[in-house]
Every structure is written in structure tokens, then in C-alpha cells.
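Inspection log for the structure reproduced underneath, given as C-alpha cells.
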Amino acid sequence: MEKYLSENNLLVVENLKKIYSSKKSSFTAVDDISFTVKKGECFGLLGPNGAGKSTSMNCITGFYPINHGKILINNIDVHKSPKLARRFLGVCSQDDSLDTDFSVIDQMVTYASYFGIDKKTAQEKSESLLKRFFLDDKAKENVESLSGGMRRRLQVARALVGDPQVLILDEPTTGLDPEVRRELWDIIVESREKGMAILLSTHYMDEAERLCDRIAILHNGKILDCDTPQNLITRHAGTNIIEEEIRPGMKWKRPPNIEDVYLNLTGRGLNIN
Amino acid sequence: MQTTFWGIYCVWLRYFKVFRKSLIYGLVTTFTEPILYLLSFGFGLGSLIGTIKVAGMTLTYKQFVFSGIVAQTVMFQGFFEAAYGSFIRMYYQKVFQALAVTTITIPEILWGEILWDASKASFSVFVILLIGCLTGNFSVLGSVIVFPFCFIFAMLFASLGLLVAAKARTIEEISYPQYLFIFPMFLFCGVFFPLETLPKYVQWFAWLLPLTSVASIIRSCLLGLPVIPISILITTIWLIILITWSRRAMINRLVK
Ligand SMILES: Nc1ncnc2c1ncn2[C@@H]1O[C@H](COP(=O)(O)OP(=O)(O)OP(=O)(O)O)[C@@H](O)[C@H]1O
Ligand SMILES: [Mg+2]
């Protein structure tokens, strides 16, 4: 415990193991993973569909019980004292969990109240967040009248309304247009600069490379490797320029990137040395 | 897991805000049904039948059926709000899932749910009690005494609804318990006619179901009849079983 405290770690995941069990079968979705996310750090979780990213995140928020290990948010065990630990946790889940019974602004204000934030502060905070997310003109509208991308943005905005120190974003940019995606990147960078510890999962490799200070590649519930994007690339994709034939007769030269690392580690790589 | 009054209140308040926002819808769905029953059975049928004898006392049928409709309202409002409402909130809207990653815990969410359902049922009950008192069918003191009990009985049926929602794979499956459990209770547990008119073995069976006891207690309070002790025991047992079972079932459904 002491070693984590000294390192300014806002999120500690230690030997996390999660087994889904039903009467018929049991399945190990997350198999003994450990990592930490520091104040002001963005940590990326990459991996194929079904790798266990969402499962890990659901365990980290304390929503799912775990079979082994420990999760500390701000040095508080989330499974032992969920109320205390989650006071500074912001979550954007992969599933849309917006409350369709409320308008956009009421949604934010009500959500803030679940963190014990008073009404006036909540109102101000919500308005400024909606503005930042370019949703202020939709404030009075019902959630159901928003487009898919707007709903996604609102869910990220809602995750920020409680002034979190640890932010968990499960594929926040899925379904966003390129411009809005960049806007969201800016917001993530701002949040990181404000000192939040961010845990991000994504299927966009460029996004991970751009935003994440460190990346873990998850496969079948195990972390295959975890390091800075540059170190991962050097280690698993080399430093040589890669020549790729994208179409018969059309070749493309490019430096190695995180996608090569991902493909190499999870099994469909070109085995470049 | 930690449960605080504040957390339960936050959840309750969420429901109340939604209710207040669509007040007209809420009022229409909460009040029309019992009022229609009152009109049709109370004033319609009631003026045909005149008086009946229950537990050695002579009552007007109107009094009898009015008090039965209080019990029926407790059951219908409690059950339907919980069964369909919580299924929608859990399955489609994912309200429970969104709440459960804030400082609110799942036990608090489920208490908030049941207490809200019971509150909503109590709004309906209040209106019927008022009508019953104004038309001289209920004793005012009895109405005041019965009101908190109605809230608890509504919690019983709300837990039943929550259990059904937790077990139903699709929203259509809620119809099974609705037709096989709720409607039979509605028809055979002493809401519309005294149980004594039924064959003995049907009476025994009816007494095992929660609505018979609930209706009996409510009627006793409202009309000044003696309370049958076993009815208190049966209600308490159902209440404990359903609350415990529904909470466990819903937690298993939500948390994997
Ligand atoms: N409730 C559940 N019960 C049983 N198994 C589950 C459950 N939820 C997920 N799984 C299994 O656990 C594994 C990990 O799923 P998870 O949702 O964590 O993947 P993921 O990495 O988030 O994938 P994606 O990129 O598709 O979102 C999958 O094999 C999935 O089938
Ligand atoms: Mg996922």
C-alpha cells in the first residue's frame, strides 16, 4: 500500500481477476491484471472485442464484484467503501445509460446531485460543461431528440459533472464524426492537464497513440504488454519504415505505429522484426 | 453494501421529479382506474345489492366494495409501477446502471425504487380514502389509521413487481404473473364479494395469497370490524419473503 501512496497514484488495479459464473459455466474474463494510473496521466486499454476491457472497467467502478485482487481509487478500496471511493469517479460506460426521462440540462443537474453537489453549483457546472461540449443549444431538449454522437458527448459531459479525479471512459469516441472526435480529444487532454487520472478504452489506434501516456494491450483477459506508445512500438514493431502493399501495385511507406504493435501482439500481425 | 437515508432519498427524488414533470400523465394513470372501479362497482352494483353480512355485522355493499377497492389499488398501483417501471429502468433506460457508478449503491437504488412505487400507490389510496370518507362510507379515524398500513402493503406488492421484473427475460414475460397471480387475487381475494361465499378449499387457498389478508386488514380498519390475527402474520411473512427475494433477484440480474 505504501508504495502506491508515495507515487501519486489515483487509480490502482492490483491482481484483478473476474470470473463470470452461471449455473452452467464459468468464464474468466479478466485474468490477473495490474496497473496504476497517476495524477494527470491518461492510460489506454486496447484489445480486441471481448478482450475484457469493459469487464475490467465495470470492476474498477465497483459495479461488479471481483473474484480476486484490489481496486483503489484515491487510495480507497472501491469494493469496501464504494460511496467514499466513487465520490471522485466519473464514468462513461460503453452502453448508453442516459436517463431519457430528463432533458439534457436536468440530466446533468440531477446526476450532479448524486455526488452531493448543491443545486446552484450543479446548475453552473452543467451549463459550462454543455457549452464546452457544444450541446448548450440542446439544453432544454429531451435526450431522445439527440443524435447518436450527441448522446455520446452528453454521456462524457455527464461523467465530468461530479468533478472527478479519476475518469473512466469506455470507448467514448465510438460513433463520433472526425471533427467532434477531435473536440473530445481536446477535452480529454484538458482534463488530463487539470490532473485527472484517465482510463480510456478505444478501438482507434491513432487516438490511443495520440492521447495515452501509457497503453496496455489486453487479450483474453491478460495484459500482454504495457508501456509508453513509443516503447511499445520500438519493442514490438521495430524502428524501420514499413512498406505496405495496400492494393495490388500500390505501395505505401510509413513509420511503425501502435496498430502494428496491437496486431502483432494479438495475433494478426505481419511479424516485422 | 453501504446504505444511507440520503442515497435512498436521492433515488426517490429522481422518480418524484419525473412524476412531477409529467404530472397530468401521472395523475390520470394513478387516479382514473380506482375511481372508475368506485363508480362502477360502488355506485353501480352497490345500489343493486344493498346490504350484506360480514363477520356477523351488516354492511352496505357499497362500504364493502369501497374498502375492497382500496386494497385492489394498493396491489395494482404497487405491482404495475414496480414490474413494468423497474423493468424499463433496468433493461431499456439503464437508470439503475447509471446510478450504481455514482455514490449511490445498489441496495439504495432498490429501496428507493420500492419506496417510490409505494409512494405512488399511496397517492391513489389517499384519493380513494378521501372519496370514501366524503361519501360517508369510511370512518375518518379508520382511514387515518389504515393509511400507513396501505403504504407498507404497497411495498409488499411493489417487491412482487420488482421480483417479476428481475426474473422476466423480456417485457412480455411480465404478463405471466400478471394473469396467473395478480388477476386471480384481484377476483378471488375478497375485493368484490365476501370469501365466505366460496367453497371451503378455495377459501383456504385464497387465504394463502397476500391480497386476502391485506384486504381483510384494510376493511377491518375502515369499517370497524375485528382484525383477524392470522392476516397480520400472513402479510408479515409475505412482506419479508418478497422484499428479501426481490432484492436478491434484482442484484443478481444487474451485477454479474
Ligand atoms: N455478463 C456476462 N456474462 C458472461 N460473460 C460475459 C458477460 N459480459 C461479458 N462477458 C464475456 O466476457 C468477455 C469480455 O467482455 P468485455 O465486454 O469485457 O469485452 P470488451 O473488451 O469490452 O469488448 P468490446 O471491444 O467488444 O467492447 C467476452 O468474452 C464476453 O463474452
Ligand atoms: Mg467493451
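Quick note on labels: first sequence line is chain A, next is B, and so on, each numbered from 1.
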*In terms of heavy-atom contacts, does NZ of B/Lys167 have more than 12 from other residues, nucleotides or ligands at under 6.0 Å?*
no
*Say you draw a straight line from CZ of A/Phe27 to NZ of B/Lys256; how long is it, rounded to the nearest 0.5 Å?*
14.5 Å
*asked:* Are more than 12 heavy atoms, taken from residues, nucleotides or ligands other than B/Phe188, located less than 6.0 Å from that residue's CZ atom?
replied: no
*Under 4.5 Å from a heavy atom of chain A, the part of B/Leu13 involved*: neither
*Closest non-hydrogen atom pair between A/Tyr114 and B/Trp6, with its separation*: O-CH2, 3.5 Å
*If you count heavy-atom pairs under 4.5 Å with chain A, which of B/Asn252, B/Thr4, B/Val18, B/Leu254 comes out on top?*
B/Val18
*Nearest atoms (heavy-atom pairs only) where B/Cys10 meets A/Ser113*: SG-O, 4.2 Å
*Is the count of non-hydrogen atoms from other residues, nucleotides or ligands lying under 6.0 Å from B/Phe149 atom CZ greater than 12?*
no
*Side chain, backbone, both or neither: which part of A/Pro164 has a non-hydrogen atom closer than 4.5 Å to chain B?*
neither
*Taking the side chain as C-beta and beyond, is there a heavy-atom pair between B/Thr102 and A/Arg86 under 4.5 Å?*
no
*Counting only heavy atoms not in B/Phe19, do more than 12 fall under 6.0 Å of its CZ?*
yes
_Sub-4.5 Å side-chain heavy-atom contact between A/Lys83 and B/Thr105_ = yes
*Examine whether an atom of A/Tyr111 lies under 4.5 Å from a heavy atom of chain B, and if so say whether it belongs to the side chain, the backbone or both; otherwise answer neither.*
side chain
_Does B/Tyr91, at its OH atom, have more than 12 non-hydrogen atoms belonging to other residues, nucleotides or ligands within less than 6.0 Å?_
no
*Inspect the surroundings of OH in B/Tyr92 and state if more than 12 heavy atoms from other residues, nucleotides or ligands are less than 6.0 Å away.*
yes
*Report, as yes or no, whether the 6.0 Å neighbourhood of atom CG on B/Leu180 holds more than 12 heavy atoms from other residues, nucleotides or ligands.*
yes
_Looking at B/Phe126, I want to see if its CZ is surrounded by more than 12 non-hydrogen atoms of other residues, nucleotides or ligands under 6.0 Å._
no
*Is it the side chain or the backbone of B/Val255 that comes within 4.5 Å of chain A heavy atoms, both, or neither?*
both
*Heavy-atom contact with chain B under 4.5 Å, split by part of A/Tyr64*: both
_What's the separation between atom CD in B/Gln93 and atom CG in A/Leu98, rounded to the nearest 0.5 Å?_
10.5 Å
_Contact origin within A/Asn58 toward chain B - heavy atom pairs under 4.5 Å_ = neither
_Lys/Arg-Asp/Glu bridge criterion (N-O < 4.0 Å) met for A/Asp101, B/Lys21_ = no
*For chain B, which of A/Asp106, A/Ile168, A/Thr100 has the most heavy-atom pairs under 4.5 Å?*
A/Thr100
_Residue pair A/Thr110 / B/Lys17, side-chain heavy-atom distance below 4.5 Å_ = yes
